[in-house]
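One structure is given here, and the rest of the page talks about it.
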Protein chains: 2
Amino acid sequence: MRISQLSAASGVPIPTIKYYLREGLLPAGEQTAATRAEYGERHLRRLRLIRALLEVGRLPIAAIRKVLSAVDDPELSMHQVLGTAHYAIAPTAEPHPGDDRWSEARDRADRMIAGLGWRVDPDAPTRDELAQAMLTLGELGMPATGEALLPYAEAAMRLVSEHEIGTIRASGTREEAVQALVVGTVVHGRVLDVMRRLAQESASAGIFGDGTGKAPAP
Amino acid sequence: MRISQLSAASGVPIPTIKYYLREGLLPAGEQTAATRAEYGERHLRRLRLIRALLEVGRLPIAAIRKVLSAVDDPELSMHQVLGTAHYAIAPTAEPHPGDDRWSEARDRADRMIAGLGWRVDPDAPTRDELAQAMLTLGELGMPATGEALLPYAEAAMRLVSEHEIGTIRASGTREEAVQALVVGTVVHGRVLDVMRRLAQESASAGIFGDGTGKAPAP
DNA sequence: ATCCATTGGCTAGCTGTACTATCCAACAGT
DNA sequence: ACTGTTGGATAGTACAGCTAGCCAATGGAT
């Protein structure tokens, strides 16, 4: 497969593929001559994975590169790949040095995680994300106690333990399993978010009138 | 309150506040003289809401402006405000003109929503987001059938119907209720996503060894 | 054997987003 | 009267994610 066919098969423009090659997201094709390289099925799959992480998962290019190099590293365990993906997903947090409200929120986040009995790396950036959300809710005058957020934790836990684990365990090769893990982390996150908004709209239509007036066109 | 106090109270730099004023995200203060304006509690709350939508919800400025003008429009019903927020959250979709795989995915998304009995506007961009996610999963060779996604739908529905509706109904004034609605849509979405990743990491630690090796530092 | 479109590799430019920086004149408080 | 802040305006910055153009070397069609 040459680059033009790769482009046609994936829907990604050639200059963009060249860009991904430059950025190290996509491994180079097999050079058959000075100005000729051959791409395979692997490149196509990789390209689709990149677009999935980019368009559905909204990950920046730099984060995608990190995730992919973890995926490609056969030394890493599943748990380590997942950790890398989680690190990459989390926004590169600006530090909150000595901010009292911040460290208090961070404490509450840590206590909540401990209270749920979850085993989470003490340095996981996800902890910071939770703290940030709790802090923000508090500043907006909304309930951000462990109790108010418990339903979210329970829903997440049930989903992961009853459904996602099974999906990953069903995978065969390491490559398949790792992809299922990464896609599961990123794309299923979007799926859940979308489902929640759909359920919200549906519930809203039932409660606050509906029918006559739709939202104004953008 | 002058602009410097508003800045100190909110943690947002003065030039950024000026920028928000220019962009119409923040209403102008009350002019007391040619070079003096007074800001109030309302401005502080609005600023916090902007930062919440920006930092936690990751909404672009243009989307925030739309959401806020819907929030401020007393003509709009709750359902309409929610619709506006949903429109603003959804990425401005690039059109897929006549793409067969796309329209097939969109059909499957529509059928899934119908099958769940949800009342969702036929033009809601959320439908496109679901279709996009299903299409992507399919291209990655992962199950994207209604059955595979049902657990997400059920979790979302349970969460919304058992928890979020109550939170919104408990609000007093329209302004409070509308804010609870918007924040609920955006920030609680992040909360759920974060919870899911935490639950995932915890489950992963339990299943795929752990302890010794952490994810490599970024 | 000879074209000429395609390819890989390179550098440079573009678009959009979210800010920052600088300037200036009009004040307000001392 | 002085000094330091404020509002308003314009211009510039930094980053992300492409996109465009060029060039010499092919390699399949004629």
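Keep in mind the model is a prediction, meaning the values are calculated, not measured. For the numbers below, each heavy atom of this structure counts, side chains included, while hydrogens, waters and symmetry mates do not. Here is the naming used below: chain letters follow the sequence lines, and residue numbers restart at 1 for every chain.
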Could you run through nucleotides 24-30 of chain D and give me one letter per nucleotide, 5' to 3': B if any protein heavy atom sits under 4.0 Å from the base, S if only the sugar-phosphate is that close, - if neither? -BBS---
Whichever of E38(B) and R51(A) has its nearest DNA chain D nucleotide further upstream toward 5':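 With E38(B) and R51(A) compared, the 5'-side residue is E38(B).
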Between the side chains of Y152(B) and R196(B), does any donor sit under 3.5 Å from an acceptor?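 Side chains of Y152(B) and R196(B): no pair found under 3.5 Å.
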If we ignore angles and hydrogens, is there a donor and acceptor under 3.5 Å between the side chains of T126(B) and E201(A)? no
Has Y20(B) got a side-chain N or O lying under 4.0 Å from the OP1 or OP2 atom of dC19(C)?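 Answer yes for this pair, as a side-chain N or O of Y20(B) is under 4.0 Å from OP1 or OP2.
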Ignoring backbone atoms, establish whether Y39(A) has a side-chain N or O less than 4.0 Å from OP1 or OP2 of dT7(C). no
Look at the side chain of R22(A) and the base of dT19(D), then say whether one donor and one acceptor between them are separated by less than 3.5 Å. yes
Checking side-chain contact (heavy atoms from CB on, under 4.5 Å) against L59(B), which of I50(B), I89(B), L54(B) comes through? I89(B)
Identify whether any heavy atom of P15(B) sits under 4.0 Å from a base atom; if not, whether one sits that close to sugar-phosphate; answer base, sugar-phosphate or nothing.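 Result for P15(B) = base.
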Look at all strands and tell whether L54(A) reaches a base, only sugar-phosphate, or nothing, counting heavy atoms closer than 4.0 Å.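 Sugar-phosphate, backbone atoms only, no base.
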Kindly point out which of dT7(C), dG8(C), dT20(C) is positioned nearest to the side chain of S4(A)? dT7(C)
Charged N to carboxylate O below 4.0 Å: is that the case for R51(B) and E139(A)?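 Not counted as a salt bridge, because no side-chain N and carboxylate O are separated by less than 4.0 Å.
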